[in-house]
Colleague: 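Take this structure, written in structure tokens, and hold onto it; I'll ask about it next.
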Number of protein chains: 2
Amino acid sequence: MATNQLYKGSLSTIILKLLGEKGRMYGYQITQEVKAISSGEYVITEGALYPMLHKLEAQGLLTVEIEMTGNRMRKYYSITKNGKKEVANLMTEMESYIRNMQSLLNPKIELA
Amino acid sequence: MATNQLYKGSLSTIILKLLGEKGRMYGYQITQEVKAISSGEYVITEGALYPMLHKLEAQGLLTVEIEMTGNRMRKYYSITKNGKKEVANLMTEMESYIRNMQSLLNPKIELA
DNA sequence: AAATATACATAAATTACTTATGCATTAGAG
DNA sequence: CTCTAATGCATAAGTAATTTATGTATATTT
């Protein structure tokens, strides 16, 4: 947290893409997965995560199933058909953003 | 311009990097340059640009020289020594961000 | 037994931005 | 030659994605 501002605006893309690839996940699991993949460089705060999950659900992009593990609640989220459409748009925007940044900044990034 | 949110947080990096490379530029010129390089996909609004230039100047990262072209004012900005240090940090953050996004959004393919 | 990790949640504060408005000069189109 | 668009600066109000702070409860590790 309190890292850089660049991650602003990418949270919904990350959540939807992750759920599209990995199938259903619960909130806490998403934070751990993202932290691990980013080598600890992107830590999703709970204050950002949960409102975003609720928003994406309200928009019909995610559905939720509540399950109990012992006495502990987990809310498993899955991507919907509309969510898949939306993630395609968001990915296009992200690719466009990265391309433009590379043109503007010429950062030393190895492209896939 | 109601485009996407991804550009949030990258304005200072873009301005400082551009000034570091191209030498001095004035505000309007920066907007045109960025619009051109991004094929019109990133349009810096004046309400974002001018306050940011003032902020970077206040932080000692830019200096300004006012010049008149006929009766029209131009404020030419140049990067300072501290500005160059800062842009190096910002570039590292940007590279890190892009790398992490590529990891998060382009999942590794399992090879046989 | 106490601290840390897991797992959810929301409210207030922050902040980078968009939108809107304003002023003045110069170039170009009709 | 007149009017619109482009050039060039500026600031204020509103928006929204976040951070920070706080809360509750269970499970695990030290």
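Convention: sequence-line order gives letters A, B, ...; per-chain numbering from 1. Small disclaimer: the values here were computed from a predicted structure and weren't measured.
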Colleague: Dump the pairs, protein N or O against N or O of nucleotides 9-13 of chain C, anything under 3.5 Å, distances to one decimal.
Modeller:
unit_1	atom_1	unit_2	atom_2	d
C/dA9	OP1	A/His54	NE2	3.3
C/dA9	OP1	A/Lys75	NZ	2.5
C/dA9	OP2	A/His54	NE2	3.1
C/dT10	OP2	A/His54	ND1	3.3

Colleague: OP1, OP2 of C/dC8 versus side-chain N and O of A/Tyr26: anything below 4.0 Å?
Modeller: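 Result: no.
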
Colleague: For residues 51-68 of chain A, please give each side-chain donor-acceptor pair under 3.5 Å, one per line with the distance, not counting sequence neighbours.
Modeller:
unit_1	atom_1	unit_2	atom_2	d
A/His54	ND1	A/Tyr50	O	3.3
A/Glu65	OE1	A/Arg24	NH1	3.1
A/Glu67	OE1	A/Arg24	NH2	3.3
A/Glu67	OE2	A/Arg24	NH1	2.8
A/Glu67	OE2	A/Arg24	NH2	2.8

Colleague: Show each protein N/O and nucleotides 1-6 of chain D N/O combination with a separation under 3.5 Å, one pair to a line.
Modeller:
none

Colleague: Calculate the interatomic distance between B/Leu6 atom CG and C/dA16 atom P; express it in whole Å.
Modeller: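 Nearest whole value for this atom pair: 17 Å.
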
Colleague: Closer than 4.0 Å, any side-chain N/O of A/Tyr7 to the OP1 or OP2 of D/dT18?
Modeller: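 Checking D/dT18 against A/Tyr7, no side-chain N or O comes under 4.0 Å of OP1 or OP2.
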
Colleague: If you measure from CD1 on A/Ile98 to CZ on B/Arg99, what distance do you get to the nearest 0.5 Å?
Modeller: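 Atom-to-atom, A/Ile98:CD1 and B/Arg99:CZ are 12.0 Å apart.
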
Colleague: Nearest 0.5 angstrom please: A/Ile37 CD1 to B/Met101 CE, how far?
Modeller: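 The distance works out to 10.5 Å.
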
Colleague: With DNA chain D as reference, determine whether A/Thr69 or A/Ser10 sits nearer its 5' end, using the nearest nucleotide of each.
Modeller: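 Nearest nucleotide further toward 5': that of A/Ser10.
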
Colleague: Run the side-chain hydrogen bond (donor to acceptor under 3.5 Å, both in side chains) test against A/Ser96 and tell me which residues pass, sequence neighbours left out.
Modeller: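 side-chain hydrogen bond (donor to acceptor under 3.5 Å, both in side chains) list for A/Ser96, sorted by chain: B/Glu41.
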
Colleague: Would you mind listing every salt bridge (charged side-chain N to carboxylate O under 4.0 Å, His left out) that reaches into residues 77-91 of chain A, with sequence neighbours excluded?
Modeller: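 Every candidate salt bridge (charged side-chain N to carboxylate O under 4.0 Å, His left out) pair involving residues 77-91 of chain A fails, so no pair, neighbours aside, qualifies.
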
Colleague: What's the separation between atom CG in B/Asn100 and atom CD in B/Glu93, rounded to the nearest 0.5 Å?
Modeller: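 B/Asn100 atom CG to B/Glu93 atom CD measures 11.5 Å (nearest 0.5 Å).
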
Colleague: A/Leu56 CG to D/dA16 C1': how many Å, rounded?
Modeller: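 One finds 14 Å between C1' of D/dA16 and CG of A/Leu56, rounded.
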
Colleague: Give the rounded distance in Å between these two atoms: CE of B/Met25 and P of D/dC9.
Modeller: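 Distance, rounded to whole Å: 11 Å.
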
Colleague: What residues form a ring-ring contact (aromatic ring centres under 6.0 Å, His included) with A/Tyr97, not counting sequence neighbours?
Modeller: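 By the ring-ring contact (aromatic ring centres under 6.0 Å, His included) rule, A/Tyr97 matches B/Tyr7.
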
Colleague: Under the salt bridge (charged side-chain N to carboxylate O under 4.0 Å, His left out) rule, what pairs show up with a residue in residues 6-15 of chain B, not counting sequence neighbours?
Modeller: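 For residues 6-15 of chain B, and leaving out neighbouring residues, there are no salt bridge (charged side-chain N to carboxylate O under 4.0 Å, His left out) pairs at all.
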
Colleague: Nearest whole Å is fine: how far is D/dT11 C1' from B/Lys55 NZ?
Modeller: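 It works out to 17 Å between those atoms.
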
Colleague: How long is the line joining CG of B/Leu49 and P of D/dA12, in whole Å?
Modeller: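 In whole Å, D/dA12 P lies 17 Å from B/Leu49 CG.
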
Colleague: Starting at atom CZ of B/Arg74, determine the distance to atom P of D/dA10, rounded to an integer number of angstrom.
Modeller: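 About 14 Å, once rounded to whole Å.
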
Colleague: Check the distance between C/dC8's P and A/Gln32's CD and give it to me in whole angstrom.
Modeller: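 It is 11 Å, rounded to the nearest whole Å.
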
Colleague: Rounded to the nearest angstrom, tell me the gap between atom CE in A/Met68 and atom P in D/dA25.
Modeller: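 So the CE-P distance, A/Met68 to D/dA25, works out to 13 Å.
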
Colleague: Just distance, no hydrogens or angles: give the donor-acceptor pairs under 3.5 Å from side chains in residues 11-22 of chain B, sequence neighbours left out.
Modeller:
unit_1	atom_1	unit_2	atom_2	d
B/Lys17	NZ	A/Leu105	O	3.4
B/Lys17	NZ	B/Glu21	OE2	2.4
B/Lys22	NZ	B/Glu33	OE2	2.6

